[in-house]
Amino acid sequence: PIDGSSQTPDTYNTTYAGTSDAEKLLCLLSATVADAAHRQIPLQTGSFDIPAAFLQFGLPRSATNGFQLYTTLPKSLPSPLSGQLNEITGPQYGIKQSNGIFDKEFDKEMTNHNYKTHILSPHIHKKVCPHNPTNYLIFNMHVDDGAFMSTSPYLTAELKAILTQRFGQHTEFPVTWHDKLTEYCGISFKHLPDASIQVHMGPHILKLLSKEGMDALPDALTPALADFFDAPTDSTPYDPPSCQPTRGGLMYLTPVRTDIKLPQYGLG
């Protein structure tokens, strides 16, 4: 990976990674499960991963504001180019605009195959079955991971073919496809005999707690002590970057885990 922290702000524009948050994903899943149950038809769910997706695209000057980017490969790298200044011609790992380039190209590919963005999020795509307009396929994107819900076997097979043809040409990075949705973005899905789906975040939460060294701590009835937001009295220095993963993990959990939210402004 390239050290993107050395990129100056004038060498990139769009840096975001296209994501649809967990709230919208769960709303989408609830709606499709209800629709399939109401119409008494099967609902197929699944997931896919497009590893190293952005490595397949070029790095046009329009994406770098006219600049040409270079990097020096480590001298220890077993390559004839090690230790040399090398031109960057593609969106490598670490380049700030890599995910943005993939997001734009992915949307273009889906549009070319008649997928529309969903009202819930621009990173949720939907297509109506050409053989039966009451059926559909909807999928949710989180950077390069997707979760789909389909009432159309035709569209399920078509989407798999589209992804394989467009993003599966690198045999060392094949598109992975799962015909049943079991794990996606920290959420676990259990398919029950009555066609309902049980959703929980147990493994993800336990992994986060273990990472923070909280395995041995007792359970808490409230998410924080009463003085949690008071000015700190501990003067022990800390490293802000080391806190970023923790902050990111909590930001992901709190929108869907209302039980760990603190009441705000007395509204509960």
A.B. asks: Using a 3.5 Å distance criterion without hydrogens, assess whether the side chain of Ser210 forms a donor-acceptor pair with backbone atoms of Leu206.
C.D. replies: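 No, because the side chain of Ser210 does not come within donor-acceptor range (under 3.5 Å) of the backbone of Leu206.
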
A.B. asks: Can you name the closest pair of heavy atoms from Leu181 and Ser47 and give their distance?
C.D. replies: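 Reported closest heavy-atom pair: CD1-CB, 3.9 Å.
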
A.B. asks: Check whether any side-chain N or O of Glu212 sits under 3.5 Å from a backbone N or O of Lys207 as a donor-acceptor pair, and report yes or no.
C.D. replies: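 Checked: no pair found.
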
A.B. asks: Return the CZ to NE2 distance between Phe106 and His123, rounded to the nearest 0.5 Å.
C.D. replies: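 Going from CZ on Phe106 over to NE2 on His123, the span is 11.0 Å.
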
A.B. asks: Does one hydrophobic cluster hold both Leu120 and Val143, with members joined at side-chain heavy-atom distances below 4.5 Å?
C.D. replies: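 Cluster IDs for Leu120 and Val143 differ.
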
A.B. asks: Between Thr164 (side chain) and Lys160 (backbone), is there a donor-acceptor pair under 3.5 Å?
C.D. replies: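 Answer holds: yes.
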
A.B. asks: Is the closest side-chain donor-acceptor distance between Asp35 and Tyr136 under 3.5 Å?
C.D. replies: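 Yes, Tyr136 and Asp35 have a side-chain donor paired with an acceptor closer than 3.5 Å.
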
A.B. asks: Decide whether Leu55 and Leu163 are clustered together by the hydrophobic rule: side chain heavy atoms of Ile, Leu, Val, Met, Phe, Trp, Tyr closer than 4.5 Å, transitively.
C.D. replies: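 In one cluster: yes.
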
A.B. asks: Can you see which heavy atom on Ala195 is nearest to which on Val33, and at what distance?
C.D. replies: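 Result for this residue pair: O-CG1, 4.2 Å.
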
A.B. asks: Taking side chain as C-beta onward, heavy atoms only, is Thr8 less than 4.5 Å from Phe67?
C.D. replies: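 Side chain of Thr8 against side chain of Phe67, heavy atoms only: no contact under 4.5 Å found.
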
A.B. asks: Treating His142 as the side-chain partner and Ala22 as the backbone partner, does any N or O pair qualify as donor plus acceptor under 3.5 Å?
C.D. replies: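 Checking the backbone N and O of Ala22 against the side chain of His142, no donor-acceptor pair under 3.5 Å is found.
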
A.B. asks: Is Ser82 reaching over with its side chain to a backbone N or O of Pro78, donor-acceptor style, under 3.5 angstrom?
C.D. replies: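 Flag not set: sc Ser82 to bb Pro78 has no pair under 3.5 Å.
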
A.B. asks: Is it the case that more than 12 heavy atoms not belonging to His38 sit under 6.0 Å from its NE2 atom?
C.D. replies: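 Not buried by this count: 12 neighbours or fewer within 6.0 Å.
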
A.B. asks: Find the distance between CG (Asn132) and OG1 (Thr151) and round it off to the nearest 0.5 Å.
C.D. replies: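 Rounded to the nearest 0.5 Å, the CG-OG1 separation comes to 7.5 Å.
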
A.B. asks: Ignoring hydrogens and angles, tell me if any N or O in the side chain of Gln84 forms a donor-acceptor pair with the backbone of Pro80 under 3.5 Å.
C.D. replies: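 At least one qualifying donor-acceptor pair exists.
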
A.B. asks: Any idea which heavy atoms bring Ile95 and Ile88 closest together, and the distance?
C.D. replies: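 Taking every non-hydrogen atom into account, CD1-CD1, 4.1 Å.
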
A.B. asks: Do Thr45 and His191 have side chains that get closer than 4.5 Å, going by heavy atoms?
C.D. replies: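 Contact flag for Thr45/His191 side chains = yes.
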
A.B. asks: Report yes or no: does Ser98 contribute a side-chain atom to a donor-acceptor pair with the main-chain N or O of Gln92 at less than 3.5 Å?
C.D. replies: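 Flag set: sc Ser98 to bb Gln92 pair under 3.5 Å.
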
A.B. asks: Verify the neighbour count for atom CD of Gln40: are there more than 12 heavy atoms of other residues, nucleotides or ligands below 6.0 Å?
C.D. replies: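 No, CD of Gln40 has 12 or fewer neighbouring heavy atoms, counting only those of other groups under 6.0 Å.
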
A.B. asks: Would you say Ile138 and Ile41 are hydrophobically clustered, going by side-chain heavy atoms of ILVMFWY under 4.5 Å?
C.D. replies: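 No: no chain of side-chain contacts under 4.5 Å links Ile138 to Ile41.
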
A.B. asks: Can you check whether His113's main-chain N or O pairs, donor with acceptor, with Lys127's side chain at less than 3.5 Å?
C.D. replies: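 Looks like yes, one N/O pair under 3.5 Å.
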
A.B. asks: With the side chain counted from C-beta on, respond yes when Met149 and Leu25 share a heavy-atom pair under 4.5 Å apart, and no when they do not.
C.D. replies: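 Met149 vs Leu25: side chains touch.
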
A.B. asks: Decide yes or no on side-chain contact (heavy atoms from CB on, under 4.5 Å) for Lys211 and Thr246, but give the supporting numbers first.
C.D. replies: CA-CA 9 Å; Lys211 182 179 178 181; Thr246 303; over 6 Å; no

A.B. asks: How many angstroms lie between atom CG of Leu250 and atom CG of Leu208, to the nearest 0.5 angstrom?
C.D. replies: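 Taking CG in Leu250 and CG in Leu208, the distance rounds to 6.0 Å.
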
A.B. asks: Atom OH of Tyr93 and atom CG of Asn99: how far apart are they, to the nearest 0.5 Å?
C.D. replies: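 Here the rounded value is 9.5 Å.
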
A.B. asks: First locate atom CG of Leu69, then atom CD1 of Ile2, and finally report the distance between them rounded to the nearest 0.5 Å.
C.D. replies: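 One gets 8.0 Å once the value is rounded to the nearest 0.5 Å.
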
A.B. asks: Going hydrophobic residue to hydrophobic residue with side-chain gaps under 4.5 angstrom, can you get from Phe167 over to Phe54?
C.D. replies: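 Yes, same cluster.
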
A.B. asks: With a 4.5 Å cut-off on side-chain heavy atoms, are Gln97 and Gln7 touching?
C.D. replies: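 Answer yes - side chains close enough.
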
A.B. asks: Apply side-chain contact (heavy atoms from CB on, under 4.5 Å) to the pair Leu137 and Ser152, showing each step before the final yes or no.
C.D. replies: CA-CA 6 Å; Leu137 184 147; Ser152 168; 5.6 Å; no

A.B. asks: Within a strict 4.5 Å, meaning less than it, do heavy atoms of the Leu85 and Thr72 side chains meet?
C.D. replies: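 In contact.
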
A.B. asks: Is any side-chain heavy atom of Phe148 closer than 4.5 Å to one of Thr32?
C.D. replies: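 Side chain of Thr32 against side chain of Phe148, heavy atoms only: no contact under 4.5 Å found.
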
A.B. asks: With heavy-atom distances below 4.5 Å as the criterion, would you say the side chains of Arg39 and Asn135 are in contact?
C.D. replies: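 A side-chain contact under 4.5 Å exists here.
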
A.B. asks: If you link ILVMFWY side chains whenever their heavy atoms are less than 4.5 Å apart, which other residues fall into the same cluster as Leu81? By chain and number, please.
C.D. replies: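 Other cluster members: Leu73, Leu77.
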
A.B. asks: Please work out which of the three classes, parallel, tilted or perpendicular, describes the rings of Tyr154 and His131, given edges at 30° and 60°.
C.D. replies: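 Answer is perpendicular, since the angle exceeds 60°.
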
A.B. asks: Using the side-chain contact (heavy atoms from CB on, under 4.5 Å) rule, take His204 and Ile187 through it: C-alpha gap first, then chi angles, then the decisive distance, then the call.
C.D. replies: CA-CA 7 Å; His204 178 77; Ile187 304 175; over 6 Å; no

A.B. asks: Looking at Tyr184 and Phe189, would you say the former's side chain and the latter's main chain have a donor-acceptor pair under 3.5 Å?
C.D. replies: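 Checked: no pair found.
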
A.B. asks: Should Met110 and Val128 be counted in the same cluster of Ile, Leu, Val, Met, Phe, Trp and Tyr side chains packed under 4.5 Å apart?
C.D. replies: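 No: no chain of side-chain contacts under 4.5 Å links Met110 to Val128.
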
A.B. asks: What is the distance from atom OG of Ser121 to atom CE of Met141, rounded to the nearest 0.5 Å?
C.D. replies: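 Between Ser121 OG and Met141 CE, I get 11.0 Å after rounding to 0.5 Å.
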
A.B. asks: Closer than 3.5 angstrom, by distance alone: can the side chain of Glu105 be matched with the main-chain N or O of Phe57 as a donor-acceptor pair?
C.D. replies: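 No; judged by distance alone, with no hydrogens or angles, the pair does not exist.
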
A.B. asks: Any side-chain heavy-atom pair from Asp49 and Asp144 closer than 4.5 angstrom?
C.D. replies: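 Touching, per the 4.5 Å side-chain cut-off.
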
A.B. asks: Give the minimum heavy-atom separation between Leu159 and Phe48, together with the two atoms involved.
C.D. replies: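 Closest pair (atom of Leu159, atom of Phe48, distance): CD2-CE2, 4.2 Å.
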
